[in-house]
Amino acid sequence: MNKGKKLYEGKAKIIYETKEKGLVIQHFKDDATAFNNLKKANVEGKGVLNNRISEHILTNLNQCGIKTHLVKRLNMREQLIKHAEIFPIEFIVRNIATGSLSKRLGIADGTVFETPLLEYCYKNDDLGDPVVSKEHIFAFGWAKKDEIDLIDKTTHRINDLLQGMFRGVGIKLVDFKLEYGKVWEKDKQEIVLADEISPDTCRLWDIKSERKLDKDRFRKDLGNIIQAYQEVARRLGIMPEETNISEVKFGKPKSVDIKKK
Ligand code: UDP
């Protein structure tokens, strides 16, 4: 797959053009950022792990009927994806209070919610991705009512599926962020899950020890970031036991029939 010109560069990923209509390449960088870009570092191997973990999760979700932008993983750092028009909203799901929610509302860190909490944030770095209501979303035309209804339903289903997937490998899914976009399928538009699902976008705690296995290791200077991401990959069964990321040789990417997606 020939990579064309760079279309967009974000904090952790780059999007490249391809010759195929409607398809682009998503490249995972090793860059880590936090606190709206105030903290930055290069974490060697992070992009490779996130590429692999996100491919695994999105493929599993797709097998459960969730439509995603993923076509196939191309190599260690790249995926072929459908070019989606991304809604300017981050969909945050919280099962346990922590992070910005605890700070903002004074809810004790670790409080388990009876039902998952869904929050919407307006994707705008200059404004620090502020929390918004559905009324803001409709008033400013960021998405329509029927689109949000579908996304809300899909997001709760993804939460159920992910909680099960992680619980099975001894991990608590504390919270996570999703993004969605619109793609053209023949002559009709379809909403798909986009971006990535990885330890960069989820909070994952070991069930027994509550050890953090996610980007909070970077945010809070806890060290061993890569080891934690590797641990997630290992538990999900996508990295052989006792391997070091520098020695990892991932298997051939699985090709997925685009028509079925
Ligand atoms: N999150 C993300 N990208 C963002 C903001 C949040 O992936 O731009 C994820 C974050 O990793 C966590 C969840 O969404 O799993 C909730 O994040 P929170 O609002 O607590 O963010 P904080 O300000 O603490 O990073």
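When a residue number appears, it is its place in the shown sequence, counting from 1. Both ligands and their constituent atoms are indexed starting at 1 by order of listing.
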Open item on the list: Are more than 12 heavy atoms, taken from residues, nucleotides or ligands other than Lys39, located less than 6.0 Å from that residue's NZ atom?
Closed with: yes
- [ ] Would you indicate whether Lys40, at its atom NZ, is surrounded by more than 12 heavy atoms from other residues, nucleotides or ligands within a distance under 6.0 Å?
- [x] no
Numbering as shown, the atoms of ligand 1 that approach [X] to under 4.0 Å (heavy-atom distance):
X: Phe176; answer: 14 (O), 15 (O)
X: Gly99; answer: 20 (O), 24 (O)
X: Cys202; answer: 15 (O)
X: Asp129; answer: 8 (O)

So which protein heavy atom does [atom] come closest to, and at what separation?
atom: atom 10 (C) of ligand 1; answer: Arg219 NH2, 3.5 Å
atom: atom 23 (O) of ligand 1; answer: Ser100 CB, 3.6 Å
atom: atom 1 (N) of ligand 1; answer: Lys177 CB, 3.7 Å
atom: atom 4 (C) of ligand 1; answer: Glu90 OE1, 3.5 Å
atom: atom 12 (C) of ligand 1; answer: Asp175 OD1, 3.1 Å

Decide whether [X] and [Y] meet the rule of one side-chain donor and one side-chain acceptor closer than 3.5 Å.
X: Asp125; Y: Asn37; value: no
X: Tyr229; Y: Ser198; value: no
X: Thr59; Y: Asn62; value: no

Task: Heavy-atom nearest neighbour of atom 6 (C) of ligand 1 within options Ile92, Asn36, Leu204 - done: Ile92
Open item on the list: My understanding is that we take every heavy atom of each candidate and find the minimum distance to atom 17 (O) of ligand 1. Doing that for Lys11, Arg203, Glu179, Arg104, which one comes out nearest?
Closed with: Arg203
Task: Contact check, Asp200 vs ligand 1, heavy-atom distance below 4.0 Å - done: yes
TODO: Give a yes/no on ligand 1: does Arg94 have at least one heavy atom closer than 4.0 angstrom to it?
DONE: yes
- [ ] Examine distances only and state if a side-chain atom of Asp30 and a backbone atom of Gly47 form a donor-acceptor pair shorter than 3.5 Å.
- [x] yes
- [ ] Could you check Gln79, Arg77, Glu78 and say which one makes a side-chain hydrogen bond (donor to acceptor under 3.5 Å, both in side chains) with Asn51?
- [x] Gln79
TODO: Please answer: with hydrophobic residues joined when any side-chain heavy atoms are less than 4.5 Å apart, are Ile89 and Ile92 in the same cluster?
DONE: no
TODO: Kindly state whether the ring of Trp142 and the ring of Tyr122 have centres lying under 6.0 angstrom apart.
DONE: yes
